[in-house]
Student: 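Shown below is the structure under consideration.
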Amino acid sequence: MKNEHNSPAARYLKVGYINKNGKLLKLLVLCFVILFSVISNLSSQTYDGYTLYSSNNSRYTYLIDMNKTVVHTWTHTKTGGYSCYLLEDGSLMRSANSSNSQLNGGGATGVIQKVAWNGSLLWEYTYSSSTYRAHHDFAPMPNGNVLIIAWEVKTAAQAVQAGLNKSMSIWPDHIIEVQPSGTTGGTIVWQWHAWDHLVQNFNSLKDNYGVISEHPELLNINVGSTAMGDWMHVNGISYNADLDQIVFSSHNLDEVYVIDHSTTTAEAASHSGGARGKGGDFLYRWGCPSNYGISGTQVFNVVHCATWIPNGNPGAGNIMAFNNRENQGTSMVVELVPPSDGNGNYTYATGTAFGPASPTWSYTAAGFYSQHLGGCQRLPNGNTLMVESTSGVFWEVNSAGTVVWSYNKGGEIVRALRYAASYPGLSVLSDTQETDPITPTEFSISQNYPNPFNPNTTIQFILPEVSYVNISVYNALGQLVTTLINNEVSAGVQSVVFDASAINGGLSSGVYFYRINSKSLNSGKEFIQTKKMILLQ
């Protein structure tokens, strides 16, 4: 056993102890105290910025500051909210729901929208029909294109021919890369289909027959649930520009997968080509070795939000995912270090499970649980932002797993993303004097958006001081329709939603007016202003 009394620390303390007047000992103790204090303080710090989120199946997206004050609200024309991203030009990209498809599995979307800071619609792309439909997540790319997850329908006959062990229609996933054009246009410039990378050992007379354990680069068509057609249920996608690779997660297959994006579309449909020479076959997979006929520990029991950790952040190049651990009572966020040469070439020993044997970092805690859905993001200071989606709770934890910030919004929120105050897409906050929403300098009320509206619209107002606020709506005859706010409101950028359908069974089309009357509780300063809005059904 190591002699602790002869350790370097003990020798230093001994020298300090016999030093004249004990000054050295006191100095060393003081240094240790200061160092411990600094480390403890750093470990408890939050990552300052603004958090973006949208409630699931809603028409609103919110940006909040570290004080949990809403500093900006977008109101949308279509219901959505599974995923949203703030782009560097200050616009918002979000998924939304189409209405023209018979494919109504969980997480169905069908539309990608790009929305300006002021709420105006810049671009809307629909990928939805009776035989295909976008769903769940998408990934904006540095070149301005967007990667979209989608189902495609295969008939029962096609499924049987591919080696499925039952006769039924299924919806395997595919990924398309869309180059936006105009306000509604888009060109599919690249695509990958899981259907091109199958293996099965059920029927030697059908396609894709082989030994499962000898083909970990392929997907066994007979694993996972096909009870409702949505076979894979891919739910998260992330793009690594440095490696030119894509990672995605599958709810039903309990795995995350990495594929090569450096291929052409033709190569992506094959087993060769691209920078790694493997075409569209899996470069890497992790979470459930039995899927490819190998013994090993199944880690994921429902998985969401596969994402690369970006450059500049601790763990850059690693993969994170939200492990729901369905029916286990606690969820877990994991960080993986895929065994590779650092250039996107993954090491794999034939006949074994893909490494690593265990995550390099993970977080779980009593009460932290989302049976489905879930979000995770590694922040630049090493903290991790997580979303307990089914409860609508955000958690920011440091590397030691200490909760340093939380926000209980409630409802169902799939994802949330933290952006630094210096992020280019937030420069508009400074331009509109919203950078410090707690201390704006002037009272103001914005034009409602959208306008015209049907049936909902959002009214945003700014208070430089805590004030008593009344916001009321009147019809064209000056008659009071409803009062939206009539109480004390804290300083900052605030907003309120007017729902015309909730008033007297629904208001009729026409011109309405909203009026703010506020009085500061500190200075007594008053602010009164009226604006017009139009309900158009």
Side-chain angles (χ1 to χ4, degrees), residues 48-55 58-96 111-125 138-146 180-184 377 409 413 415-453 456-464 491-498 514 529 531 533-534:
D48 190 29
Y50 296 86
T51 304
L52 181 76
Y53 71 92
S54 181
S55 297
S58 77
R59 295 192 178 191
Y60 305 99
T61 302
Y62 303 96
L63 190 69
I64 62 172
D65 63 13
M66 297 303 293
N67 295 309
K68 306 165 191 175
T69 300
V70 176
V71 299
H72 193 69
T73 302
W74 289 265
T75 303
H76 305 294
T77 58
K78 285 183 169 64
T79 300
Y82 191 96
S83 293
C84 56
Y85 299 88
L86 184 64
L87 306 185
E88 290 193 352
D89 64 1
S91 63
L92 178 80
M93 189 168 281
R94 69 185 291 263
S95 57
V111 173
I112 303 294
Q113 293 181 322
K114 184 177 180 181
V115 183
W117 182 266
N118 66 6
S120 59
L121 188 61
L122 302 174
W123 179 67
E124 182 175 283
Y125 180 77
F138 64 94
M141 303 177 73
N143 62 1
N145 294 354
V146 57
S181 60
T183 57
T184 59
Q377 178 195 16
K409 175 66 173 83
I413 298 171
R415 305 281 171 82
L417 292 172
R418 176 79 52 77
Y419 294 88
S422 59
Y423 180 68
L426 291 171
S427 61
V428 67
L429 281 175
S430 298
D431 297 339
T432 57
Q433 296 184 340
E434 293 179 2
T435 301
D436 183 2
I438 301 303
T439 59
T441 59
E442 297 290 337
F443 289 91
S444 68
I445 187 165
S446 301
Q447 183 63 53
N448 64 298
Y449 183 80
N451 190 40
F453 67 99
N456 301 319
T457 189
T458 298
I459 300 168
Q460 189 175 85
F461 57 101
I462 299 177
L463 304 174
V493 180
Q494 310 290 355
S495 63
V496 62
V497 175
F498 174 49
Y514 57 98
Q529 189 170 0
K531 288 183 178 289
M533 58 183 172
I534 300 173

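The structure presented is a predicted model; accordingly, all values stated were derived computationally and were not measured. The basis for the numbers below is simple: all heavy atoms, side chains too, and nothing from hydrogens, waters or symmetry mates.
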Student: State the NE2-OG distance between His76 and Ser58, to the nearest 0.5 angstrom.
Tutor: 7.0 Å
Student: At their closest point, which heavy atom of Met93 faces which heavy atom of Ile112, and how far apart are they?
Tutor: CG-CG2, 3.8 Å
Student: So which heavy atom on Asn145 is nearest to which on Pro180, and how close?
Tutor: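 Of all heavy-atom pairs spanning Asn145 and Pro180, the closest is OD1-CD, 3.9 Å.
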Student: Is a side-chain donor or acceptor of Tyr423 paired with a backbone partner of Leu86 at a separation under 3.5 angstrom?
Tutor: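 A pair under 3.5 Å: yes.
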Student: Taking salt bridge (Lys or Arg N to Asp or Glu O under 4.0 Å) as the definition, give me every residue that meets it alongside Lys78, ordered by chain and number, with sequence neighbours left out.
Tutor: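 By the salt bridge (Lys or Arg N to Asp or Glu O under 4.0 Å) rule, Lys78 matches Glu124.
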Student: Restricting to non-hydrogen atoms, name the atom on Ser54 and the atom on Ile413 that form the minimum distance, rounded to 0.1 Å.
Tutor: O-CG2, 3.8 Å
Student: With sequence neighbours left out, what residues match Asp89 under salt bridge (Lys or Arg N to Asp or Glu O under 4.0 Å)?
Tutor: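 Partners of Asp89 under the salt bridge (Lys or Arg N to Asp or Glu O under 4.0 Å) test: Lys114.
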Student: Test side chain to side chain contact (heavy atoms under 4.5 Å, CB included) on Tyr60 and Asn456; report intermediate values, then the result.
Tutor: CA-CA 10 Å; Tyr60 305 99; Asn456 301 319; 3.2 Å; yes
Student: Do side-chain atoms of Trp74 reach the backbone of Ala116 as a donor and acceptor pair under 3.5 angstrom?
Tutor: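 Yes, because the side chain of Trp74 sits within donor-acceptor range (under 3.5 Å) of the backbone of Ala116.
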Student: What residues form a salt bridge (Lys or Arg N to Asp or Glu O under 4.0 Å) with Arg94, not counting sequence neighbours?
Tutor: none
Student: Over 60° means perpendicular and under 30° means parallel, so classify the ring planes of Tyr125 and Trp123, tilted if in between.
Tutor: parallel
Student: Should Phe443 and Leu463 count as side-chain neighbours, where that means a heavy-atom distance under 4.5 Å?
Tutor: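 Yes, their side chains come closer than 4.5 Å.
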Student: Going through the checks in order, is the side-chain hydrogen bond (donor to acceptor under 3.5 Å, both in side chains) test met by Asn118 and Ser120?
Tutor: CA-CA 6 Å; Asn118 66 6; Ser120 59; 2.9 Å; yes
Student: Between the main-chain N or O of Arg418 and the side-chain N or O of Gln377, is there a donor-acceptor pair closer than 3.5 Å?
Tutor: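 Side chain of Gln377 to backbone of Arg418: a pair is present.
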Student: Looking at every heavy atom in both Thr73 and Gln460, which two are closest together, and how far apart are they?
Tutor: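 Heavy atoms only, the tightest pair is N-NE2, 3.7 Å.
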Student: So which heavy atom on Cys84 is nearest to which on Thr61, and how close?
Tutor: SG-CG2, 4.0 Å
Student: State whether the side chain of Tyr50 and the backbone N or O of Leu426 hold a donor-acceptor pair below 3.5 Å, judged by distance alone.
Tutor: no
Student: Determine yes or no for a side-chain-to-main-chain donor-acceptor pair under 3.5 angstrom, with Tyr53 supplying the side chain and Ile64 the backbone.
Tutor: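 No.
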Student: Judged by atom type as modelled, is there a donor-acceptor pair below 3.5 Å linking the side chain of Tyr514 to the main-chain atoms of Phe498?
Tutor: no
Student: Check whether any side-chain heavy atom of Tyr85 sits under 4.5 Å from a side-chain heavy atom of Tyr419, and report yes or no.
Tutor: yes
Student: Using a 4.5 Å cut-off on heavy atoms from C-beta on, say whether the side chain of Asn448 contacts that of Lys531.
Tutor: no
Student: On the 0 to 90° scale, with breaks at 30° and 60°, tag the Trp117-His72 ring pair as parallel, tilted or perpendicular.
Tutor: parallel
Student: Measuring only between side-chain heavy atoms, which start at C-beta, is Leu92 closer than 4.5 Å to Leu52?
Tutor: yes
Student: Could you tell me if the side chain of Ile445 sits less than 4.5 Å from the side chain of Ile459, heavy atoms only?
Tutor: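 Counting from C-beta outward, Ile459 and Ile445 do come under 4.5 Å.
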